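Right, I'll just put the structure down here and ask away after.
On a predicted model such as this, the values are computed, not experimentally measured, just so you know.
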Amino acid sequence: MNEHTLTQLRSLRLDGMVRALEEQASSTAASALGFDERFSLVVQRQVSWRDERRVARLLKAAKLKVSSACVQDIDWRASRSLDRSLVTALAGGDWIRHAQNLLITGATGCGKTWLACALAHQAARCDFSVLYTRAGRLFDELQVAHGDGSFARRMSQLAKLDLLIIDDFAISPMGAPQRNDLLELLDDRVGTRSTLITSQLPVKAWHTYLDDPTLADAILDRIVHSSHRIDLKGATLRDNKQIKPMAKGDSDPAGVTA
């Protein structure tokens with residue numbers, strides 16, 4: 001394959017094909033294959049390269065707090081009340097396809113953020129657009145957007161995300177402006193997009209926390225309706241020494257953070 005052809009492939013952004021052809025040129029095993037087999041390998045390499053680039057782009061845009069989190073590393077050993085069948089189903093992504101929500105609650109350090117990032121990572125691999133943000137930072141951003149006139153544009157951007165993760169919800173008092181912004185944000189997404197919320201506060205206490213019966217009813221109707229719930233139990237997992245070694249013969253996957 002001459003350099004001119006490779007240059008043309010690069011100009012067409014077919015870098016996967018370029019790499020495959022360069023590898024074949026230096027492989028004695030490839031020279032023994034027929035044209036159809038070699039061409040099939042080249043095309044498959046291009047498809048894989050494109051898919052990897054797409055996932056990398058989605059993960060970069062997601063801004064996950066724990067970028068290394070993945071569902072394969074979930075720790076099932078601790079007494080955490082994790083329903084394996086539910087988590088497996090969530091990893092499949094149907095809840096996002098059906099615009100359902102996920103609420104993850106539990107004490108500090110029990111792995112809420114890690115689990116949310118692991119499911120978000122999997123969502124990106126399923127070709128969903130994702131964004132992670134902390135509740136406090138989100139409301140600060142929207143307050144600034146009100147002031148500079150970009151509020152409508154930012155809300156439109158958030159409304160288009162397949163999955164929005166709001167971490168550390170209800171960790172600090174919420175005023176009327178934040179309640180109104182949250183209601184508008186959720187109203188744009190209800191029935192069309194999925195929202196994942198993590199909180200130290202149990203869901204049953206959210207109505208009291210919102211401190212406005214009318215808005216609380218409206219907000220919770222949009223959050224709780226069509227939602228899955230995970231209530232994590234157990235001691236903090238931030239100190240890995242608290243995780244006891246796996247018993248001999250235990251076949252559960254190893255992990256120390258989820």
Side-chain angles (χ1 to χ4, degrees), residues 1-76 84 87-100 102 104 111 113-134 157-167 189 192-196 198 253-258:
M1 186 66 65
N2 60 54
E3 188 60 34
H4 177 66
T5 301
L6 295 178
T7 300
Q8 289 180 315
L9 289 173
R10 290 191 186 96
S11 70
L12 294 171
R13 298 184 179 180
L14 298 175
D15 295 74
M17 283 189 169
V18 171
R19 294 179 186 178
L21 290 169
E22 289 174 338
E23 290 170 358
Q24 287 189 9
S26 60
S27 171
T28 55
S31 62
L33 299 175
F35 173 81
D36 290 344
E37 293 171 302
R38 293 184 65 173
F39 187 68
S40 177
L41 291 173
V42 169
V43 172
Q44 185 56 50
R45 183 62 181 275
Q46 174 61 31
V47 172
S48 298
W49 178 84
R50 183 197 60 190
D51 291 345
E52 290 169 2
R53 286 288 299 273
R54 184 183 67 251
V55 170
R57 184 174 64 252
L58 289 170
L59 287 173
K60 182 178 181 180
K63 300 179 180 178
L64 300 181
K65 183 174 183 179
V66 188
S67 59
S68 61
C70 61
V71 293
Q72 291 83 359
D73 291 336
I74 292 177
D75 177 9
W76 303 101
R84 187 188 292 265
V87 174
T88 301
L90 292 171
D94 280 345
W95 66 289
I96 302 176
R97 296 182 184 93
H98 297 151
Q100 298 170 344
L102 174 60
I104 304 178
T113 298
W114 196 99
L115 181 58
C117 288
L119 290 170
H121 188 131
Q122 184 65 23
R125 291 196 169 277
C126 292
D127 208 22
F128 294 114
S129 58
V130 180
L131 178 66
Y132 166 94
T133 183
R134 294 182 68 252
Q157 293 170 343
L158 294 172
K160 295 176 182 178
L161 291 165
D162 294 319
L163 176 61
L164 175 64
I165 302 112
I166 303 177
D167 196 16
R189 300 180 58 79
T192 59
R193 298 291 188 272
S194 294
T195 305
L196 191 163
T198 78
V256 294
T257 47

Going from OG1 on Thr198 to CZ on Arg134, what distance comes out if it is rounded to the nearest 0.5 angstrom?
9.0 Å

CG on Leu102 to CG on Leu115, rounded to 0.5 Å:
7.5 Å

Heavy-atom nearest pair, Tyr132 first then Lys65, reads OH-CD, 3.3 Å

Of all the heavy-atom pairs spanning Trp114 and Cys70, show the shortest one and how long it is.
CH2-O, 3.1 Å

I'd like to check the side chain to side chain donor-acceptor pair (under 3.5 Å) partners of Arg125; sequence neighbours left out, ordered by chain and number.
His121

So do Thr113 and Ile165 actually touch side chain to side chain, heavy atoms under 4.5 Å?
no

Main-chain N/O of Leu158 paired with Arg189 side-chain donor or acceptor, under 3.5 Å
yes

Given side-chain contact (heavy atoms from CB on, under 4.5 Å), test Leu164 with Thr133 step by step and report yes or no.
CA-CA 8 Å; Leu164 175 64; Thr133 183; 4.2 Å; yes

Close side-chain approach of Val130 and Asp162, heavy atoms under 4.5 Å
no

Among Leu119, Leu196, Leu131, whose side-chain contact (heavy atoms from CB on, under 4.5 Å) with Leu163 holds?
Leu196

For the side chain of Trp95 and the backbone of Gln100, is there at least one donor-acceptor N/O pair under 3.5 Å apart?
no

Is there a side-chain contact between Leu58 and Arg54, using heavy atoms and a 4.5 Å cut-off?
yes

Roughly how far, to the nearest 0.5 Å, is SG of Cys117 from CG of Leu64?
5.0 Å

Mark yes when over 12 heavy atoms from residues, nucleotides or ligands other than Arg97 sit less than 6.0 Å from its CZ; otherwise mark no.
yes

Distance (rounded to the nearest 0.5 Å) between Ser129 OG and Arg193 CZ
7.0 Å

Just verifying a value: how many Å separate Ile96 CD1 and Leu161 CG, rounded to the nearest 0.5 Å?
11.5 Å

